[in-house]
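Take a look at the structure below.
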Amino acid sequence: MSKVCQLFSGSSGNSIFVSYKETKILVDAGVSAKRICQGLSDIGEDASEISAIFVTHEHTDHVSGLRVLASKYNIPVFAAEDVIDKMNRDGIINEKVNIVPIESNMELSGIEVLPFELSHDSVSCHGYRFNLGNSRSVGVCTDTGYVTNNARETLKGTDLVFLESNHEVTMLQNGAYPYPLKKRILSEYGHLSNFASSEFAKELAKGGTTRFVLAHLSRDNNTPDIARETALSALFEEGFEENSDYRLYISAPINSEKAITL
């Protein structure tokens with residue numbers, strides 16, 4: 001059995017749990033180690049049993065708990081080489097962290113890991129596809145200004161995808177954020193809007209994806225209801241029916257639900 005769960009989501013911190021049998025993975029550690037341990041405990045897991053942490057990029061909301069968690073439990077960390085260099089320079093990691101560069105596909109105890117490039121204003125940013133040993137697959141596609149060709153190719157046919165649905169464009173444009181921040185979010189190095197996310201969801205559904213977890217929602221420029229309705233409408237246009245052809249989940253800033261089993 002496989003289990004997945006978004007433990008934390010959004011600008012206040014991000015972390016996703018993926019497991020297959022005894023192999024247990026985190027994607028990012030963007031809140032304190034203490035909170036991650038509690039989040040894992042809430043779904044019946046133990047931080048001491050984490051097999052690896054895969055880092056998407058070096059922004060604080062994805063790595064703030066990385067050093068403490070990885071060094072305390074001696075968890076190997078995988079990230080792009082330029083992300084590792086940046087984290088070293090910024091003091092995010094130190095010599096106590098066992099960190100390994102990842103630039104291409106790899107295998108980890110029955111899970112095939114396929115990194116793919118995203119477009120974000122970090123030194124680099126990667127999403128991941130995890131092909132599990134039970135013929136199931138999980139994708140993580142967040143923190144990107146647009147859907148890259150690499151993401152499209154790698155995520156095709158994935159069973160479940162954590163998909164960024166960060167903002168509603170009109171809410172952002174008319175909101176209180178300063179202009180430079182609005183410009184950054186709307187740029188090709190920012191975050192996916194509800195509309196862009198829903199368009200990619202249609203493409204994924206046509207390729208066989210049956211579970212969507214909308215992630216990294218903005219607290220100021222989005223609501224779960226708006227993100228959900230945008231995705232539902234887009235998928236309905238293509239003839240897909242919720243709870244028949246697919247299931248749709250919304251990640252809360254702090255998880256309060258059971259993990260999803262695959």
Side-chain angles (χ1 to χ4, degrees), residues 1-9 14-30 36 39-40 43-47 49-57 62-63 66 69-70 75-80 83 99-118 120 124-144 147-148 150-164 200-201 203-205 207-216 246-247 249 251 255 257-262:
M1 184 182 73
S2 300
K3 187 160 71 171
V4 299
C5 184
Q6 179 119 33
L7 303 174
F8 301 92
S9 179
N14 298 272
S15 188
I16 292 171
F17 173 80
V18 178
S19 73
Y20 169 66
K21 292 186 177 179
E22 301 305 313
T23 307
K24 303 179 181 185
I25 289 169
L26 288 180
V27 179
D28 292 331
I36 290 174
L40 288 167
I43 60 168
E45 300 293 339
D46 194 310
E49 297 178 353
I50 296 297
S51 309
I53 302 171
F54 289 85
V55 176
T56 58
H57 63 294
H62 293 262
V63 298
L66 181 64
L69 185 68
I75 304 169
V77 176
F78 296 86
V83 172
I99 192 154
V100 181
I102 177 172
E103 302 293 345
S104 58
N105 300 353
M106 62 170 285
E107 192 272 339
L108 180 72
S109 303
I111 298 179
E112 184 184 16
V113 184
L114 290 72
F116 55 90
E117 294 180 354
L118 295 173
H120 196 50
S124 72
C125 187
H126 286 81
Y128 295 98
R129 173 173 174 159
F130 301 100
N131 291 333
L132 311 177
N134 58 355
S135 299
R136 297 290 188 176
S137 52
V138 175
V140 177
C141 182
T142 64
D143 291 76
T144 190
V147 179
T148 63
N150 201 196
R152 293 182 191 280
E153 293 167 5
T154 307
L155 291 176
K156 188 181 300 182
T158 308
D159 293 294
L160 180 150
V161 177
F162 291 90
L163 180 59
E164 180 169 53
F200 189 37
E203 185 178 326
L204 289 167
T209 301
T210 58
R211 301 195 188 194
F212 300 91
V213 185
L214 302 185
H216 215 306
Y246 69 92
R247 293 185 181 180
Y249 308 85
S251 291
N255 177 59
E257 304 291 334
K258 293 181 179 179
I260 301 168
T261 56
L262 295 172

Keeping [X] on the side-chain end and [Y] on the backbone end, is there a donor-acceptor pair under 3.5 Å?
X: Thr142; Y: His216; result: no
X: Lys3; Y: Ile43; result: yes
X: Thr148; Y: Glu117; result: yes
X: Glu164; Y: Thr144; result: yes

[atom1]-[atom2] distance between [X] and [Y], expressed to the nearest 0.5 angstrom:
X: Phe212; Y: Tyr249; atom1: CZ; atom2: OH; answer: 11.5 Å
X: Arg211; Y: Phe162; atom1: CZ; atom2: CZ; answer: 11.0 Å
X: Ile25; Y: Phe78; atom1: CD1; atom2: CZ; answer: 8.5 Å
X: Leu160; Y: Thr210; atom1: CG; atom2: OG1; answer: 7.5 Å
X: Ser51; Y: Leu108; atom1: OG; atom2: CG; answer: 6.0 Å
X: Phe200; Y: Leu155; atom1: CZ; atom2: CG; answer: 5.0 Å

Does the side chain of [Y] come within less than 4.5 Å of [X]'s, by heavy atoms?
X: Pro115; Y: Asn105; value: yes
X: Val113; Y: Tyr128; value: yes
X: Leu204; Y: Thr158; value: no
X: Val55; Y: Ile99; value: no
X: Leu40; Y: Ile50; value: yes
X: Arg129; Y: Ser137; value: yes

Worksheet item: What's the verdict on side-chain contact (heavy atoms from CB on, under 4.5 Å) for Ile260 and Val213, showing C-alpha distance, side-chain angles and the deciding distance?
Response: CA-CA 10 Å; Ile260 301 168; Val213 185; 4.0 Å; yes
Practice prompt. Please report the shortest heavy-atom distance between Leu69 and Ala29, naming the atom on each side.
Written response: CD2-CB, 4.4 Å
Worksheet entry | Lys24 to Lys21 - nearest heavy-atom pair and separation | CE-O, 4.2 Å
Item to complete: Applying side chain to side chain contact (heavy atoms under 4.5 Å, CB included) between Leu7 and each of Asn14, Leu26, Ile16, report the one that passes.
Response: Leu26
Fill in: With Leu66, the side chain to side chain contact (heavy atoms under 4.5 Å, CB included) member among Ile75, Ile36, Ile53, Asp28
Ile53
Item to complete: Show the numbers, then the answer: is there a side-chain contact (heavy atoms from CB on, under 4.5 Å) between Thr23 and Leu132?
Response: CA-CA 10 Å; Thr23 307; Leu132 311 177; over 6 Å; no
Discussion item. So for atom CD, which belongs to Glu103, do other residues, nucleotides or ligands contribute more than 12 heavy atoms lying within a distance under 6.0 Å?
Written reply: yes
Discussion item. If the test is side chain to side chain donor-acceptor pair (under 3.5 Å), which one of Glu107, Arg136, Glu112 qualifies with Asn131?
Written reply: Glu112
Practice prompt. Look at the rings of His57 and His62 and say which category their plane angle falls in: under 30° parallel, 30 to 60° tilted, over 60° perpendicular.
Written response: tilted
Discussion item. Between Asp143 and Thr56, do the side chains contain a donor N or O and an acceptor N or O under 3.5 Å apart?
Written reply: no
Discussion item. Quick check on the 6.0 Å ring-centre criterion: do Tyr20 and Phe130 meet it?
Written reply: no
